[in-house]
2 protein chains.
Amino acid sequence: MSSQPRKLSELEGVALGIIYNEQNATAYFVRCKLRAAPSSHWRASAGSVYPLLARLEGEGLVSSTADDDDGRGRKYLEITKKGRAALRSWIKAGVDPDLVSATADPARSRTFFLAALSKKDRVSYVENMLHAMEKYLDETRVHLAGISQKDDLFGYLGALGALTSTEARLEWLKHVQKRLC
Amino acid sequence: MSSQPRKLSELEGVALGIIYNEQNATAYFVRCKLRAAPSSHWRASAGSVYPLLARLEGEGLVSSTADDDDGRGRKYLEITKKGRAALRSWIKAGVDPDLVSATADPARSRTFFLAALSKKDRVSYVENMLHAMEKYLDETRVHLAGISQKDDLFGYLGALGALTSTEARLEWLKHVQKRLC
DNA sequence: CGATGCATGTAAGCTGTTACATGATTGC
DNA sequence: GCAATCATGTAACAGCTTACATGCATCG
(Lines give C-alpha, C1' and ligand atoms only; values in the text may rest on other atoms or scores of the structure.)
Protein backbone atom coordinates (compact mmCIF):
# COMPACT_ATOMS: atom_id res chain seq x y z
CA MET A 1 0.00 0.00 0.00
CA SER A 2 1.96 2.97 -1.20
CA SER A 3 0.58 6.23 0.17
CA GLN A 4 -1.36 8.06 -2.54
CA PRO A 5 0.47 11.08 -3.93
CA ARG A 6 -1.17 14.47 -3.52
CA LYS A 7 -3.52 15.49 -6.32
CA LEU A 8 -1.81 17.89 -8.69
CA SER A 9 -3.50 21.08 -9.85
CA GLU A 10 -3.99 21.65 -13.58
CA LEU A 11 -1.05 24.02 -13.78
CA GLU A 12 1.17 21.65 -11.80
CA GLY A 13 0.25 18.76 -14.06
CA VAL A 14 0.96 20.69 -17.23
CA ALA A 15 4.25 22.05 -15.85
CA LEU A 16 5.33 18.54 -14.87
CA GLY A 17 4.32 17.31 -18.33
CA ILE A 18 6.42 20.00 -20.01
CA ILE A 19 9.43 18.91 -17.94
CA TYR A 20 8.67 15.31 -18.93
CA ASN A 21 8.55 16.17 -22.63
CA GLU A 22 11.64 18.36 -22.61
CA GLN A 23 14.67 17.06 -20.74
CA ASN A 24 16.78 19.79 -19.14
CA ALA A 25 14.13 22.48 -19.28
CA THR A 26 14.62 25.60 -17.17
CA ALA A 27 11.86 27.24 -15.14
CA TYR A 28 11.90 30.05 -17.66
CA PHE A 29 11.41 27.56 -20.49
CA VAL A 30 8.38 26.10 -18.71
CA ARG A 31 6.90 29.59 -18.39
CA CYS A 32 7.38 30.35 -22.08
CA LYS A 33 5.96 27.00 -23.13
CA LEU A 34 2.89 27.59 -20.97
CA ARG A 35 2.30 31.01 -22.47
CA ALA A 36 2.97 29.91 -26.04
CA ALA A 37 0.53 27.00 -25.89
CA PRO A 38 -2.52 27.61 -28.07
CA SER A 39 -5.61 28.53 -26.10
CA SER A 40 -3.95 28.30 -22.76
CA HIS A 41 -5.73 30.56 -20.35
CA TRP A 42 -2.69 30.75 -18.11
CA ARG A 43 -0.53 33.79 -17.72
CA ALA A 44 2.09 31.50 -16.22
CA SER A 45 3.42 34.40 -14.22
CA ALA A 46 6.70 34.18 -12.39
CA GLY A 47 4.73 34.38 -9.17
CA SER A 48 3.00 31.12 -9.94
CA VAL A 49 5.62 29.12 -11.83
CA TYR A 50 8.68 29.54 -9.61
CA PRO A 51 7.00 28.66 -6.31
CA LEU A 52 5.19 25.82 -8.08
CA LEU A 53 8.42 24.28 -9.40
CA ALA A 54 10.09 24.74 -6.02
CA ARG A 55 7.18 22.84 -4.50
CA LEU A 56 7.46 20.01 -7.03
CA GLU A 57 11.18 19.77 -6.33
CA GLY A 58 10.55 19.79 -2.58
CA GLU A 59 8.22 16.83 -3.04
CA GLY A 60 10.77 14.94 -5.11
CA LEU A 61 8.80 15.03 -8.38
CA VAL A 62 11.44 17.13 -10.09
CA SER A 63 15.20 17.35 -9.59
CA SER A 64 17.34 20.31 -10.58
CA THR A 65 20.99 20.79 -11.38
CA ALA A 66 22.51 24.26 -11.32
CA ASP A 67 25.20 25.16 -13.82
CA ASP A 68 27.84 26.98 -11.73
CA ASP A 69 29.64 28.33 -14.78
CA ASP A 70 26.47 29.99 -15.98
CA GLY A 71 26.31 33.64 -15.00
CA ARG A 72 22.54 33.71 -15.31
CA GLY A 73 22.17 31.06 -12.66
CA ARG A 74 20.22 28.72 -14.87
CA LYS A 75 18.85 25.62 -13.20
CA TYR A 76 18.05 22.61 -15.36
CA LEU A 77 15.02 20.59 -14.34
CA GLU A 78 14.39 16.90 -14.79
CA ILE A 79 11.41 14.77 -13.89
CA THR A 80 12.09 12.00 -11.35
CA LYS A 81 10.66 8.50 -11.23
CA LYS A 82 8.23 9.67 -8.55
CA GLY A 83 7.40 12.62 -10.81
CA ARG A 84 6.56 10.35 -13.74
CA ALA A 85 4.22 8.36 -11.50
CA ALA A 86 2.54 11.58 -10.36
CA LEU A 87 2.17 12.72 -13.98
CA ARG A 88 0.49 9.43 -14.90
CA SER A 89 -1.95 9.77 -11.98
CA TRP A 90 -2.71 13.34 -12.97
CA ILE A 91 -3.49 12.32 -16.55
CA LYS A 92 -5.76 9.48 -15.44
CA ALA A 93 -7.56 11.76 -12.97
CA GLY A 94 -8.77 13.81 -15.95
CA VAL A 95 -11.68 11.43 -16.45
CA ASP A 96 -13.32 12.92 -13.34
CA PRO A 97 -16.82 14.16 -14.38
CA ASP A 98 -15.99 17.64 -13.08
CA LEU A 99 -13.11 17.97 -15.50
CA VAL A 100 -14.93 16.41 -18.44
CA SER A 101 -17.68 19.02 -18.33
CA ALA A 102 -15.51 21.99 -17.47
CA THR A 103 -15.05 24.06 -20.59
CA ALA A 104 -15.73 27.62 -19.57
CA ASP A 105 -16.31 29.86 -22.56
CA PRO A 106 -16.72 33.60 -21.91
CA ALA A 107 -18.33 34.05 -25.33
CA ARG A 108 -20.95 31.44 -24.49
CA SER A 109 -21.57 32.79 -20.98
CA ARG A 110 -22.35 36.20 -22.39
CA THR A 111 -24.80 34.84 -24.93
CA PHE A 112 -27.27 34.03 -22.17
CA PHE A 113 -27.66 37.73 -21.42
CA LEU A 114 -27.67 39.26 -24.90
CA ALA A 115 -31.21 40.47 -24.19
CA ALA A 116 -29.60 43.22 -22.12
CA LEU A 117 -28.10 44.80 -25.25
CA SER A 118 -29.96 46.83 -27.83
CA LYS A 119 -30.55 45.06 -31.16
CA LYS A 120 -27.86 47.15 -32.78
CA ASP A 121 -25.34 46.45 -30.02
CA ARG A 122 -26.15 42.75 -30.13
CA VAL A 123 -25.38 42.55 -33.82
CA SER A 124 -22.11 44.45 -33.56
CA TYR A 125 -21.08 42.49 -30.46
CA VAL A 126 -21.46 39.21 -32.34
CA GLU A 127 -19.66 40.65 -35.37
CA ASN A 128 -16.72 41.79 -33.24
CA MET A 129 -16.59 38.43 -31.55
CA LEU A 130 -16.54 36.67 -34.93
CA HIS A 131 -13.64 38.79 -36.12
CA ALA A 132 -11.67 38.18 -32.93
CA MET A 133 -12.28 34.44 -33.18
CA GLU A 134 -11.30 34.28 -36.84
CA LYS A 135 -8.06 36.04 -36.06
CA TYR A 136 -7.37 33.62 -33.23
CA LEU A 137 -8.28 30.72 -35.51
CA ASP A 138 -5.65 31.81 -38.03
CA GLU A 139 -3.00 31.88 -35.31
CA THR A 140 -4.01 28.41 -34.21
CA ARG A 141 -3.74 27.09 -37.77
CA VAL A 142 -0.26 28.57 -38.14
CA HIS A 143 0.74 27.00 -34.86
CA LEU A 144 -0.57 23.60 -35.92
CA ALA A 145 1.20 23.76 -39.28
CA GLY A 146 4.51 24.05 -37.43
CA ILE A 147 4.16 20.71 -35.66
CA SER A 148 5.33 17.43 -37.15
CA GLN A 149 2.83 14.60 -36.90
CA LYS A 150 5.68 12.13 -37.02
CA ASP A 151 8.04 13.67 -34.49
CA ASP A 152 5.47 14.96 -32.03
CA LEU A 153 2.18 13.12 -32.47
CA PHE A 154 0.72 14.10 -29.12
CA GLY A 155 1.72 17.73 -29.51
CA TYR A 156 0.03 17.65 -32.90
CA LEU A 157 -3.13 16.01 -31.57
CA GLY A 158 -3.36 18.49 -28.69
CA ALA A 159 -3.00 21.47 -31.02
CA LEU A 160 -5.51 19.87 -33.38
CA GLY A 161 -7.95 19.73 -30.47
CA ALA A 162 -7.54 23.45 -29.89
CA LEU A 163 -8.19 24.08 -33.58
CA THR A 164 -11.30 21.93 -33.94
CA SER A 165 -12.70 23.31 -30.71
CA THR A 166 -12.27 26.87 -31.94
CA GLU A 167 -13.75 26.02 -35.33
CA ALA A 168 -16.81 24.61 -33.60
CA ARG A 169 -17.18 27.78 -31.52
CA LEU A 170 -16.95 29.87 -34.66
CA GLU A 171 -19.64 27.85 -36.47
CA TRP A 172 -21.88 28.14 -33.45
CA LEU A 173 -21.37 31.90 -33.28
CA LYS A 174 -22.27 32.20 -36.96
CA HIS A 175 -25.48 30.38 -36.15
CA VAL A 176 -26.15 32.84 -33.33
CA GLN A 177 -25.57 35.67 -35.79
CA LYS A 178 -28.14 34.25 -38.20
CA ARG A 179 -30.68 33.95 -35.41
CA LEU A 180 -30.31 37.59 -34.43
CA CYS A 181 -31.87 38.78 -37.70
CA MET B 1 -16.97 61.87 -18.93
CA SER B 2 -18.68 59.35 -16.66
CA SER B 3 -16.18 57.48 -14.51
CA GLN B 4 -15.68 54.00 -15.89
CA PRO B 5 -17.29 51.27 -13.77
CA ARG B 6 -15.04 48.59 -12.32
CA LYS B 7 -14.47 45.57 -14.54
CA LEU B 8 -16.62 42.67 -13.41
CA SER B 9 -15.20 39.18 -13.00
CA GLU B 10 -16.74 36.31 -15.00
CA LEU B 11 -18.69 35.07 -12.03
CA GLU B 12 -19.92 38.56 -11.18
CA GLY B 13 -21.06 39.13 -14.75
CA VAL B 14 -22.94 35.86 -14.91
CA ALA B 15 -24.54 36.42 -11.51
CA LEU B 16 -25.63 39.89 -12.54
CA GLY B 17 -26.99 38.46 -15.79
CA ILE B 18 -29.01 35.86 -13.91
CA ILE B 19 -30.54 38.61 -11.79
CA TYR B 20 -31.25 40.54 -14.99
CA ASN B 21 -32.98 37.55 -16.60
CA GLU B 22 -34.99 36.62 -13.53
CA GLN B 23 -36.69 39.40 -11.65
CA ASN B 24 -36.94 38.85 -7.88
CA ALA B 25 -34.29 36.14 -7.74
CA THR B 26 -32.84 35.24 -4.36
CA ALA B 27 -29.15 34.66 -3.70
CA TYR B 28 -29.95 30.98 -3.33
CA PHE B 29 -31.64 30.98 -6.73
CA VAL B 30 -28.54 32.51 -8.31
CA ARG B 31 -26.41 29.78 -6.76
CA CYS B 32 -28.66 27.01 -8.08
CA LYS B 33 -28.82 28.54 -11.52
CA LEU B 34 -25.04 28.78 -11.64
CA ARG B 35 -24.63 25.16 -10.67
CA ALA B 36 -27.36 23.89 -12.98
CA ALA B 37 -25.97 25.61 -16.05
CA PRO B 38 -24.55 23.15 -18.56
CA SER B 39 -20.77 23.02 -18.58
CA SER B 40 -20.36 25.64 -15.94
CA HIS B 41 -17.11 25.03 -14.16
CA TRP B 42 -18.28 26.96 -11.13
CA ARG B 43 -19.13 25.39 -7.83
CA ALA B 44 -20.93 28.62 -6.99
CA SER B 45 -20.28 27.98 -3.34
CA ALA B 46 -21.98 30.02 -0.65
CA GLY B 47 -18.58 31.42 0.22
CA SER B 48 -18.32 33.03 -3.20
CA VAL B 49 -21.90 33.91 -4.09
CA TYR B 50 -23.06 35.66 -0.91
CA PRO B 51 -20.09 37.99 -0.53
CA LEU B 52 -20.22 38.64 -4.29
CA LEU B 53 -23.87 39.68 -4.23
CA ALA B 54 -23.28 41.80 -1.14
CA ARG B 55 -20.49 43.52 -3.07
CA LEU B 56 -22.73 44.14 -6.09
CA GLU B 57 -25.38 45.57 -3.81
CA GLY B 58 -22.83 47.75 -2.04
CA GLU B 59 -21.84 49.17 -5.43
CA GLY B 60 -25.44 49.85 -6.35
CA LEU B 61 -25.63 47.34 -9.20
CA VAL B 62 -28.24 45.28 -7.39
CA SER B 63 -30.94 46.26 -4.94
CA SER B 64 -32.57 43.89 -2.48
CA THR B 65 -35.86 43.85 -0.63
CA ALA B 66 -36.30 41.61 2.40
CA ASP B 67 -39.67 40.02 3.03
CA ASP B 68 -40.26 40.54 6.76
CA ASP B 69 -43.08 38.03 6.88
CA ASP B 70 -40.81 35.34 5.51
CA GLY B 71 -39.37 33.17 8.27
CA ARG B 72 -36.46 32.06 6.08
CA GLY B 73 -35.27 35.60 5.71
CA ARG B 74 -35.41 35.54 1.94
CA LYS B 75 -34.08 38.61 0.19
CA TYR B 76 -35.27 39.35 -3.32
CA LEU B 77 -32.71 40.83 -5.68
CA GLU B 78 -33.26 43.18 -8.56
CA ILE B 79 -30.82 44.69 -11.02
CA THR B 80 -30.57 48.48 -10.94
CA LYS B 81 -30.12 50.88 -13.83
CA LYS B 82 -26.44 51.12 -12.94
CA GLY B 83 -26.36 47.32 -12.83
CA ARG B 84 -27.77 47.02 -16.35
CA ALA B 85 -25.10 49.40 -17.61
CA ALA B 86 -22.42 47.32 -15.88
CA LEU B 87 -23.87 44.14 -17.41
CA ARG B 88 -23.73 45.64 -20.89
CA SER B 89 -20.08 46.69 -20.37
CA TRP B 90 -19.24 43.22 -19.14
CA ILE B 91 -20.78 41.59 -22.20
CA LYS B 92 -18.97 43.91 -24.58
CA ALA B 93 -15.66 43.34 -22.76
CA GLY B 94 -15.88 39.68 -23.83
CA VAL B 95 -14.30 40.53 -27.20
CA ASP B 96 -10.95 40.98 -25.41
CA PRO B 97 -8.42 38.65 -27.13
CA ASP B 98 -7.63 37.02 -23.80
CA LEU B 99 -11.22 35.89 -23.36
CA VAL B 100 -11.67 34.82 -26.97
CA SER B 101 -8.83 32.33 -26.77
CA ALA B 102 -9.47 31.12 -23.25
CA THR B 103 -11.09 27.72 -23.46
CA ALA B 104 -9.21 25.55 -21.02
CA ASP B 105 -9.88 21.88 -21.61
CA PRO B 106 -8.36 19.40 -19.14
CA ALA B 107 -8.84 16.58 -21.66
CA ARG B 108 -6.84 18.47 -24.24
CA SER B 109 -4.12 19.52 -21.77
CA ARG B 110 -3.49 15.92 -20.87
CA THR B 111 -3.23 14.80 -24.48
CA PHE B 112 0.11 16.60 -24.80
CA PHE B 113 1.65 14.21 -22.29
CA LEU B 114 0.10 10.89 -23.29
CA ALA B 115 3.60 9.64 -24.09
CA ALA B 116 4.03 9.21 -20.34
CA LEU B 117 1.46 6.41 -20.27
CA SER B 118 1.99 2.86 -21.47
CA LYS B 119 0.27 1.99 -24.74
CA LYS B 120 -2.34 -0.01 -22.88
CA ASP B 121 -3.01 2.79 -20.39
CA ARG B 122 -3.24 5.32 -23.20
CA VAL B 123 -5.92 3.34 -24.95
CA SER B 124 -8.00 2.79 -21.83
CA TYR B 125 -7.58 6.42 -20.77
CA VAL B 126 -9.02 7.64 -24.07
CA GLU B 127 -11.80 5.07 -23.88
CA ASN B 128 -12.77 6.18 -20.36
CA MET B 129 -12.68 9.79 -21.45
CA LEU B 130 -14.94 9.01 -24.40
CA HIS B 131 -17.48 7.31 -22.15
CA ALA B 132 -17.46 10.18 -19.68
CA MET B 133 -17.93 12.70 -22.48
CA GLU B 134 -20.75 10.75 -24.09
CA LYS B 135 -22.55 10.63 -20.77
CA TYR B 136 -22.11 14.36 -20.33
CA LEU B 137 -23.25 14.92 -23.90
CA ASP B 138 -26.51 13.10 -23.18
CA GLU B 139 -27.15 15.33 -20.18
CA THR B 140 -26.49 18.41 -22.28
CA ARG B 141 -28.95 17.22 -24.94
CA VAL B 142 -31.63 16.64 -22.33
CA HIS B 143 -31.00 20.10 -20.92
CA LEU B 144 -31.27 21.69 -24.36
CA ALA B 145 -34.49 19.86 -25.15
CA GLY B 146 -36.11 21.51 -22.13
CA ILE B 147 -35.57 25.06 -23.42
CA SER B 148 -38.04 26.84 -25.65
CA GLN B 149 -36.51 28.58 -28.67
CA LYS B 150 -39.42 30.98 -28.71
CA ASP B 151 -39.63 31.92 -25.05
CA ASP B 152 -35.91 31.91 -24.28
CA LEU B 153 -33.90 32.31 -27.48
CA PHE B 154 -30.66 33.35 -25.78
CA GLY B 155 -30.91 30.59 -23.19
CA TYR B 156 -31.41 28.18 -26.06
CA LEU B 157 -28.48 29.55 -28.08
CA GLY B 158 -26.19 29.41 -25.06
CA ALA B 159 -27.09 25.82 -24.29
CA LEU B 160 -26.70 24.98 -27.98
CA GLY B 161 -23.16 26.38 -27.79
CA ALA B 162 -22.38 24.04 -24.91
CA LEU B 163 -23.73 21.11 -26.92
CA THR B 164 -21.90 21.80 -30.18
CA SER B 165 -18.68 22.49 -28.29
CA THR B 166 -18.92 19.16 -26.50
CA GLU B 167 -19.77 17.34 -29.73
CA ALA B 168 -16.65 18.80 -31.32
CA ARG B 169 -14.52 17.66 -28.41
CA LEU B 170 -15.97 14.17 -28.71
CA GLU B 171 -15.23 13.97 -32.44
CA TRP B 172 -11.70 15.15 -31.81
CA LEU B 173 -11.19 12.55 -29.09
CA LYS B 174 -12.42 9.82 -31.46
CA HIS B 175 -9.79 11.00 -33.90
CA VAL B 176 -7.16 10.76 -31.15
CA GLN B 177 -8.35 7.22 -30.44
CA LYS B 178 -7.90 6.24 -34.08
CA ARG B 179 -4.39 7.64 -34.11
CA LEU B 180 -3.36 5.58 -31.10
CA CYS B 181 -3.64 2.30 -33.01
C1' DC C 1 26.48 51.47 -24.51
C1' DG C 2 21.80 51.00 -24.29
C1' DA C 3 17.65 48.32 -25.32
C1' DT C 4 15.82 44.01 -25.33
C1' DG C 5 15.54 39.48 -23.85
C1' DC C 6 17.04 35.71 -20.54
C1' DA C 7 16.61 34.13 -15.89
C1' DT C 8 15.33 34.03 -11.10
C1' DG C 9 12.56 35.20 -7.46
C1' DT C 10 9.29 37.82 -3.68
C1' DA C 11 5.06 40.45 -1.73
C1' DA C 12 0.56 41.62 -1.81
C1' DG C 13 -3.84 40.88 -3.45
C1' DC C 14 -7.91 38.89 -5.87
C1' DT C 15 -11.11 35.32 -6.67
C1' DG C 16 -12.66 31.45 -5.81
C1' DT C 17 -12.91 27.05 -2.90
C1' DT C 18 -14.10 23.81 1.19
C1' DA C 19 -15.99 23.32 5.49
C1' DC C 20 -18.62 24.95 8.96
C1' DA C 21 -22.68 27.14 11.37
C1' DT C 22 -27.52 28.40 11.88
C1' DG C 23 -32.28 28.13 11.42
C1' DA C 24 -37.06 27.70 8.75
C1' DT C 25 -40.02 24.89 5.70
C1' DT C 26 -41.80 21.02 3.30
C1' DG C 27 -42.90 16.23 2.41
C1' DC C 28 -43.35 11.64 3.89
C1' DG D 1 -41.53 13.96 14.02
C1' DC D 2 -37.68 13.57 11.25
C1' DA D 3 -35.18 13.96 6.94
C1' DA D 4 -34.31 16.61 3.12
C1' DT D 5 -34.19 20.87 1.15
C1' DC D 6 -34.44 25.96 1.36
C1' DA D 7 -31.90 29.93 2.74
C1' DT D 8 -28.28 32.78 4.61
C1' DG D 9 -23.88 33.54 5.97
C1' DT D 10 -18.63 33.22 7.95
C1' DA D 11 -13.59 31.59 8.40
C1' DA D 12 -9.76 29.64 6.62
C1' DC D 13 -7.33 28.45 2.91
C1' DA D 14 -5.79 27.44 -2.08
C1' DG D 15 -4.21 28.91 -6.33
C1' DC D 16 -3.07 32.09 -9.39
C1' DT D 17 -2.43 37.05 -10.63
C1' DT D 18 -0.10 41.67 -10.94
C1' DA D 19 3.65 44.31 -9.82
C1' DC D 20 8.04 44.66 -8.25
C1' DA D 21 13.10 43.63 -7.76
C1' DT D 22 17.55 41.98 -9.33
C1' DG D 23 21.15 40.93 -12.44
C1' DC D 24 23.48 38.69 -16.79
C1' DA D 25 23.78 38.24 -21.95
C1' DT D 26 23.19 39.49 -26.57
C1' DC D 27 22.60 42.33 -30.49
C1' DG D 28 22.75 46.45 -33.12
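Side-chain atoms are counted along with the backbone in the values below, which use heavy atoms only and exclude waters and symmetry mates. Chain naming here is simple, since letters A, B, ... match the order of the sequence lines and numbering starts at 1 in each.
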Indicate every side-chain donor-acceptor pair of residues 8-25 of chain B with a distance under 3.5 Å to a residue at least two apart or in another chain.
unit_1 : atom_1 : unit_2 : atom_2 : d
B/S9   : OG     : B/E12  : N      : 3.2
B/S9   : OG     : B/E12  : OE1    : 3.4
B/E10  : OE1    : A/R110 : NH1    : 3.1
B/E10  : OE2    : A/R110 : NH1    : 3.1
B/E10  : OE2    : A/R110 : NH2    : 3.0
B/E12  : OE1    : B/R6   : NH1    : 3.3
B/E12  : OE1    : B/S9   : N      : 2.8
B/E12  : OE2    : B/R6   : NH1    : 3.4
B/E12  : OE2    : B/R6   : NH2    : 3.1
B/E12  : OE2    : B/R55  : NE     : 3.1
B/E12  : OE2    : B/R55  : NH2    : 2.9
B/Y20  : OH     : A/A115 : O      : 3.3
B/N21  : ND2    : A/F112 : O      : 3.2

OP1 or OP2 of C/dG16 sitting under 4.0 Å from any side-chain N/O of B/S45?
no

B/R43 side chain N/O closer than 4.0 Å to the phosphate oxygens (OP1, OP2) of C/dT18?
yes

Show the distances under 3.5 angstrom between N or O atoms of the protein and N or O atoms of nucleotides 10-12 of chain D.
unit_1 : atom_1 : unit_2 : atom_2 : d
D/dT10 : O4     : B/G47  : N      : 3.3

Take atom [atom1] of [X] and atom [atom2] of [N], then tell me their distance rounded to the nearest Å.
X	N	atom1	atom2	result
B/Y76	D/dC6	OH	P	14 Å
B/R31	D/dC6	CZ	P	11 Å
B/R74	D/dA7	CZ	C1'	8 Å
A/R35	D/dT17	CZ	P	10 Å
B/L56	C/dG16	CG	P	11 Å
A/L52	C/dT10	CG	C1'	16 Å
B/R6	C/dC14	CZ	C1'	11 Å
A/K75	C/dA7	NZ	C1'	11 Å

Between B/L180 and A/F154, what is the shortest heavy-atom contact and its length?
CD2-CE2, 3.8 Å

Sugar-phosphate only, base, or nothing, as touched by A/A54 at under 4.0 Å among non-hydrogen atoms:
nothing

Counting any heavy atom closer than 4.0 Å, what does B/A66 reach on the DNA or RNA strands: base, sugar-phosphate only, or nothing?
nothing

In degrees, rounded to 10°, what is the bend between the two ends of the helix from C/dC1-D/dG28 to C/dC28-D/dG1, using five pairs at each?
30°

Not counting sequence neighbours, list each pair that qualifies as a side chain to side chain donor-acceptor pair (under 3.5 Å) and has a residue in residues 112-136 of chain A.
A/D121-B/K92

Sub-4.0 Å heavy-atom contacts from residues 7-30 of chain A onto DNA chain D, ordered by number
A/S9, A/L11

Could you pull out every donor-acceptor pair under 3.5 Å between side chains of residues 96-107 of chain A and any protein atom, sequence neighbours left out?
unit_1 : atom_1 : unit_2 : atom_2 : d
A/D96  : OD1    : A/D98  : N      : 2.8
A/D98  : OD2    : B/R43  : NH1    : 2.8
A/D98  : OD2    : B/R43  : NH2    : 2.1
A/S101 : OG     : A/P97  : O      : 3.4
A/S101 : OG     : A/D98  : O      : 3.3
A/D105 : OD1    : A/A107 : N      : 2.8
A/D105 : OD1    : A/R108 : N      : 3.4
A/D105 : OD1    : A/R169 : NH2    : 3.0
A/D105 : OD2    : A/R169 : NE     : 2.8

